[in-house]
Peer 1: 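Have a look at this one before I ask anything.
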Amino acid sequence: MIHLPLVKSRARTAAGAGAGAGAGAGRNGPAGHVCAAVAYSRTIGPPAEECAWCEHRLGGDDEHQAGRIWCARCGVATTSPWPSDGQLADAYEGWYRPEAGRFTGIGDAVLRRTRSVLVNRLHQVSPPGPVLDVGAGDGTLVEAFRRHGREAFGVDPYASGSSPHVRAVEFGEVGGAWSAVVFWHSLEHLRRPVRALRHAAAIVVPGGVLVVAVPNATSLQARLFGDRWFALDLPRHLVHISLQALLPQIEALGFQVERVSHLRGGQVLFGWLHGIVGRLPGHPDLYDAIRRSEARRAVQSPAFRVYALAAAVAVLPLAVAGTVIEVASRSGGTVYVEARRRGLSG
Ligand SMILES: [Zn+2]
């Protein structure tokens, strides 16, 4: 029996600013001298016993960093301490994805635009038939497919109920035959990501498409910003995947990788901006600064928020340079993989 807690998007009604950051993680405000990863590493809980990716039993050969352990066998890191369901529920409380949207005006607009580009692309490369979005949250991507005339559904155990086409079930319970299965920044939120990929291989039709977008834990920005890297996001990200681990796994499950993009996965430039701004005095959290007040992790004074935003503008050229270098060296902060299931006859 496959059990796949999909905990990406526990949408709830908007909570007050800073409510429920949970387990000490995410508190990285102006007064904080301890970054979120270090704070999380100090929470009480059992250390991760096995690699969330390859299920190798973790031991003395594995490298320990704040809040995560790198598997010596597969090169993927697992969040440690391994959070309980209760800790994760706390970490996904209202501030993470409030009903009114996460970001101030332009942020949500950019998000919608990115989804629309993805939909156009997938509509072209997928054979006719329904599309499944795993970890669909509020159903933004599903609804974008439907506006395009494509039958689409989503699954998310923490579905908010705002979309009639997103079911609050575990992915492992979904059967059927899908022309595309999409993991858009959801694989890293799963307790058993490889089992989820295996299940995807079982329900994608021959010739159908698998899409995975994940943070790239061995990217240039991940290495440069370390414990303060934007996409660490402990403890919500349970597994910290590298492209070197992801691609062979996808191929081994019977897919032909057709496209790898170091830019299309989104958030590459933002990862640089967030990382550089976070190195400035006071360690401003740019992600919080662009969110609506009810969606912030910690209370920010207006002056500190202005400081964070002004700093982001000032360092933009540097962040663009970092992005260009990263994409050119194929070490993007996020990676996007498109793969086609083998076995299409005729
Ligand atoms: Zn491993």
Side-chain angles (χ1 to χ4, degrees), residues 1-8 25 37-38 40-41 43 45-85 87-88 91 134-135 170-172 181 183 185-202 210-223 225-227 229-255 257 260 262 265 330-337 339:
M1 180 75 185
I2 299 171
H3 182 63
L4 296 166
L6 239 187
V7 289
K8 175 185 178 187
V38 171
Y40 178 70
S41 72
T43 58
E49 289 186 349
E50 59 179 40
C51 171
W53 188 254
C54 76
E55 303 186 18
H56 157 71
R57 197 156 184 84
L58 296 169
D61 293 343
D62 307 292
E63 188 191 338
H64 291 241
Q65 280 187 320
R68 62 230 193 256
I69 302 173
W70 291 90
C71 174
R73 190 169 96 175
C74 72
V76 168
T78 297
T79 293
S80 184
W82 187 240
S84 66
D85 289 348
Q87 279 176 307
L88 285 178
V134 183
E170 305 286 352
F171 173 53
V181 171
F183 291 89
H185 291 277
S186 58
L187 202 60
E188 67 274 25
H189 293 256
L190 301 178
R191 289 193 185 274
R192 293 286 179 211
V194 172
R195 290 189 201 179
L197 288 176
R198 198 173 296 136
H199 185 62
L210 170 72
V211 169
V212 176
V214 287
N216 181 4
T218 56
S219 61
L220 194 55
Q221 60 177 258
R223 283 176 280 151
F225 301 125
D227 292 346
W229 182 41
F230 169 62
L232 266 188
D233 202 20
L234 302 172
R236 286 166 293 274
H237 289 184
L238 295 167
V239 59
H240 310 274
I241 304 166
S242 71
L243 195 58
Q244 295 77 9
L246 180 63
L247 292 184
Q249 186 61 66
I250 288 175
E251 295 265 357
L253 290 169
F255 291 94
V257 173
V260 176
H262 290 260
R330 302 192 65 73
S331 177
T334 64
V335 285
Y336 167 95
V337 178

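Counting convention: from 1, in listed order, for ligands and their atoms alike. Counting begins at 1 with the first residue of the sequence.
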Peer 1: Between the side chains of W82 and E49, does any donor sit under 3.5 Å from an acceptor?
Peer 2: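 No, no side-chain donor-acceptor pair sits under 3.5 Å.
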
Peer 1: Mind checking side chain to side chain donor-acceptor pair (under 3.5 Å) for W53 and listing every partner two or more places apart, or none if nothing turns up?
Peer 2: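 With neighbours one apart ignored, the set is empty.
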
Peer 1: Would you say that Q87 contacts T43 through its side chain, given a criterion of any heavy-atom pair below 4.5 Å between the two side chains?
Peer 2: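 A side-chain contact under 4.5 Å exists here.
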
Peer 1: Can you list everything that forms a ring pair (Phe, Tyr, Trp, His ring centres under 6.0 Å) with F255? Sequence neighbours excluded, please.
Peer 2: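 Listed in chain order: nothing, the list is empty.
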
Peer 1: Tell me how many protein N, O or S atoms are within a distance shorter than 2.8 Å of the Zn ion (ligand 1).
Peer 2: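 Excluding waters, the total comes to 4.
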
Peer 1: Any idea which heavy atoms bring S331 and R223 closest together, and the distance?
Peer 2: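 Scanning both residues, the minimum pair turns out to be OG-NH2, 3.5 Å.
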
Peer 1: With sequence neighbours left out, what residues match Y336 under ring pair (Phe, Tyr, Trp, His ring centres under 6.0 Å)?
Peer 2: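 Here no residue qualifies.
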
